[in-house]
Amino acid sequence: MTQAWDFDVAVVGGGPAGSAAASALALRGRRVLLLERELFPRFHIGESQLPWINEVLGRIGAKEAVAAAGFIPKWGASFTTADGEADQYADFAQAWEVPIPQTWQVPRAKFDQVLLEHAGKCGAEVRRGRKAEAVTFDAQGVTLTHTGTEAAAATVRVGAVIDASGRTGFLAKRFGERRMDPRLQNISVHRQFEGIPRSEGRRSGDIRMVTRPDQGWFWFIPLTDTVTSVGVVVSQAVYRASAKPTPEETLAHFLAETPAAARLVENARSLTPARFDADYSYLHSRHAGDRWVLVGDAGAFLDPIFSTGVLLAMQSGIEAAEVVSEGLREGDLSARRFGAYERRLIRRYRHFRRFATGFYDPAFRDLFFSRSSRFGIYEAVLSVLGGNWRPSLKTRLRLGAFFFLVALQRLIPLARRHKLAASEPSASRLFGADPTETGN
């Protein structure tokens, strides 16, 4: 039946998930059509990457292309309380089970274009400015219609469709439902600045995160030698109570009431208009069916607190490509074949969600700002923050111990409780800071 298809697989969407899926399929000898409705380069939020993305890039042969693109190296992250008095440095070189601790800060317009062009070099047929409009499934294949401004509507026959259309949800809207996470319904406002001070040496490329007393937080991400992305993430309730008439005024307001963040921008110059994003976390009820699979944000989106977005998206794209390729080889592209893929995707999402929701828990933050190397618990937590989604049993036990301590912290002050802005780093005998470690 493959002779009746124009392509083995159509990938809808050319972001990191779609490019990863198309690259992985093409490297397996599959005929791939990748449709991207926009003309790259295009702006997208989500610049800070995690060390475990090195493994993902290696699997599709894109590691060298990304390394050669001139992105800012990232070795860790710093977390600072609202008043700037308590500081915690997460050095990925200290994390358990992170083979390569260095990753990148990437302007997504350039990063996504590198990945899309790589998919083309792998053998995928990439068509920009083409929007998937309609799809019909039957026992022998899929009929897909796409349109664009520079050519008439076209119809192709394919064996399967991978939906990498992000929040647009080309197939996701047709199959199943988007289940919103009630604990992670946040709002972000962001823009780019020039003239924001940075740390020296290796830490100059790290992301800086400043927490807020209302459990919100700021990011400061160096995109180039001079440009920094600055954004705030707050709950819907906080946003509704504090939002100003424009995104620029809203961001300025949140900066002004967060002293540590305000000091960083006091001599900075804004370069771009402020943008608003609804960082609503969700997990789709279905991620695959007969001849179709969801990848990336089409199937799930997780709060950006630990920068897992691109890693999760690309991982899902590669795994979807693997299972679809196997299905093509064996002549079985039924929903049943994709069951293991769905379970693995959901398990990985929940693994990182535990930490995302944890960071909005004051007890979690108390212990995080009171780090210790005792028993290797902090290094295990760093492992997850570095992108480790399949920790060893030893690491899982340490993570379990950490969350046990978080539960105790809610009842008993094992570490100083940062109700407002911490006045000093805290220490406790059970999970206290080593006085010889400054976090710098």
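Since this is a predicted model, take the numbers as computed values, not measurements.
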Peer 1: Are Arg354 and Phe403 in a cation-pi contact, defined as NZ or CZ under 6.0 Å from the six-membered ring centre and within 45° of the axis?
Peer 2: yes
Peer 1: Would a 4.5 Å heavy-atom cut-off, applied to side chains only, mark Gln215 and Arg365 as touching?
Peer 2: yes
Peer 1: Between Trp96 and Arg398, is there a cation-pi geometry (under 6.0 Å to ring centre, at most 45° from the normal)?
Peer 2: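 So Arg398 does make the cation-pi contact.
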Peer 1: Sort and list the pairs that fulfil ring pair (Phe, Tyr, Trp, His ring centres under 6.0 Å) and have at least one residue in residues 330-352, not counting sequence neighbours.
Peer 2: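 Counting only pairs at least two positions apart or across chains, no ring pair (Phe, Tyr, Trp, His ring centres under 6.0 Å) contact touches residues 330-352.
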Peer 1: Is there a side-chain contact between Lys74 and Ile207, using heavy atoms and a 4.5 Å cut-off?
Peer 2: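 Side-chain contact under 4.5 Å: yes.
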Peer 1: Cation-pi between Arg203 and Tyr89: NZ/CZ under 6.0 Å from ring centre and within 45° of the ring axis?
Peer 2: yes
Peer 1: Please enumerate all residues that pass side chain to side chain donor-acceptor pair (under 3.5 Å) together with Arg291, with sequence neighbours excluded.
Peer 2: none
Peer 1: Write down the atom of Ser204, the atom of Pro222, and the distance for their closest heavy-atom approach.
Peer 2: O-CG, 3.8 Å
Peer 1: Between Thr395 and Glu97, do the side chains contain a donor N or O and an acceptor N or O under 3.5 Å apart?
Peer 2: yes
Peer 1: Taking ring-ring contact (aromatic ring centres under 6.0 Å, His included) as the test, write out the residues that go with Phe40, two or more places apart.
Peer 2: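 If we apply the ring-ring contact (aromatic ring centres under 6.0 Å, His included) test to Phe40, skipping adjacent residues, there are no hits.
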Peer 1: Between the side chains of Gln105 and Ser48, does any donor sit under 3.5 Å from an acceptor?
Peer 2: yes
Peer 1: Name all pairs fulfilling the ring pair (Phe, Tyr, Trp, His ring centres under 6.0 Å) condition that reach into residues 307-328, sequence neighbours left out, sorted by first residue then second.
Peer 2: none
Peer 1: Within the distance-only criterion (no hydrogens, no angle test), does the side chain of Asp361 pair as donor or acceptor with the backbone N or O of Ala363 below 3.5 angstrom?
Peer 2: yes
Peer 1: Could you check whether Arg348 makes a cation-pi contact with Trp389, meaning its NZ or CZ is under 6.0 Å from the centre of the six-membered ring and within 45° of the ring axis?
Peer 2: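 The answer is yes, since Arg348 meets both limits relative to Trp389.
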Peer 1: Distance only, no hydrogens: is a donor on one side chain within 3.5 Å (strictly under) of an acceptor on the other, for Asp277 and His190?
Peer 2: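 Yes - a donor-acceptor pair under 3.5 Å links their side chains.
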Peer 1: Hydrogens and angles aside, do Thr147 and Glu133 bring a side-chain donor and acceptor to less than 3.5 Å of each other?
Peer 2: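 The answer is yes; a qualifying pair exists.
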Peer 1: Got a sec, which residues hit side chain to side chain donor-acceptor pair (under 3.5 Å) with Thr143, two or more places apart in sequence or on another chain?
Peer 2: Arg157
Peer 1: Below 3.5 Å, can you tabulate the donor-acceptor pairs from side chains in residues 236-246 to any protein atom, sequence neighbours excluded?
Peer 2:
unit_1, atom_1, unit_2, atom_2, d
Ser242, OG, Val238, O, 3.3
Thr246, OG1, Glu249, N, 3.1
Thr246, OG1, Glu249, OE1, 2.9

Peer 1: Can you check whether Phe306 and Phe355 have ring centres sitting under 6.0 Å from each other?
Peer 2: no
Peer 1: Checking Asp8 side chain against Arg31 main chain: does a donor-acceptor pair fall under 3.5 Å?
Peer 2: yes
Peer 1: Checking ring pair (Phe, Tyr, Trp, His ring centres under 6.0 Å) against Phe402, which of Phe364, Phe368, Tyr378 comes through?
Peer 2: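 Between Phe402 and the candidates, ring pair (Phe, Tyr, Trp, His ring centres under 6.0 Å) is satisfied uniquely by Phe364.
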Peer 1: Decide if the gap between the ring center of Phe369 and the ring center of Phe79 is smaller than 6.0 angstrom.
Peer 2: no
Peer 1: Could Arg269 and Phe193 be counted as a cation-pi pair, given that NZ or CZ must be under 6.0 Å from the ring centre and within 45° of the axis?
Peer 2: no
Peer 1: Any non-hydrogen side-chain atom of Ser78 less than 4.5 Å from a side-chain atom of Asp206?
Peer 2: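 No; the side chains remain at least 4.5 Å from each other.
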Peer 1: Give a yes-or-no answer on whether the side chains of Ser325 and Arg28 include a donor-acceptor pair shorter than 3.5 Å.
Peer 2: no
Peer 1: Taking the side chain as C-beta and beyond, is there a heavy-atom pair between Val142 and Val135 under 4.5 Å?
Peer 2: yes
Peer 1: Ignoring hydrogens and geometry beyond distance, is a side-chain donor-acceptor pair present between Arg130 and His146 at under 3.5 Å?
Peer 2: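 Looking only at side-chain atoms, His146 and Arg130 do form a donor-acceptor pair, the distance falling under 3.5 Å.
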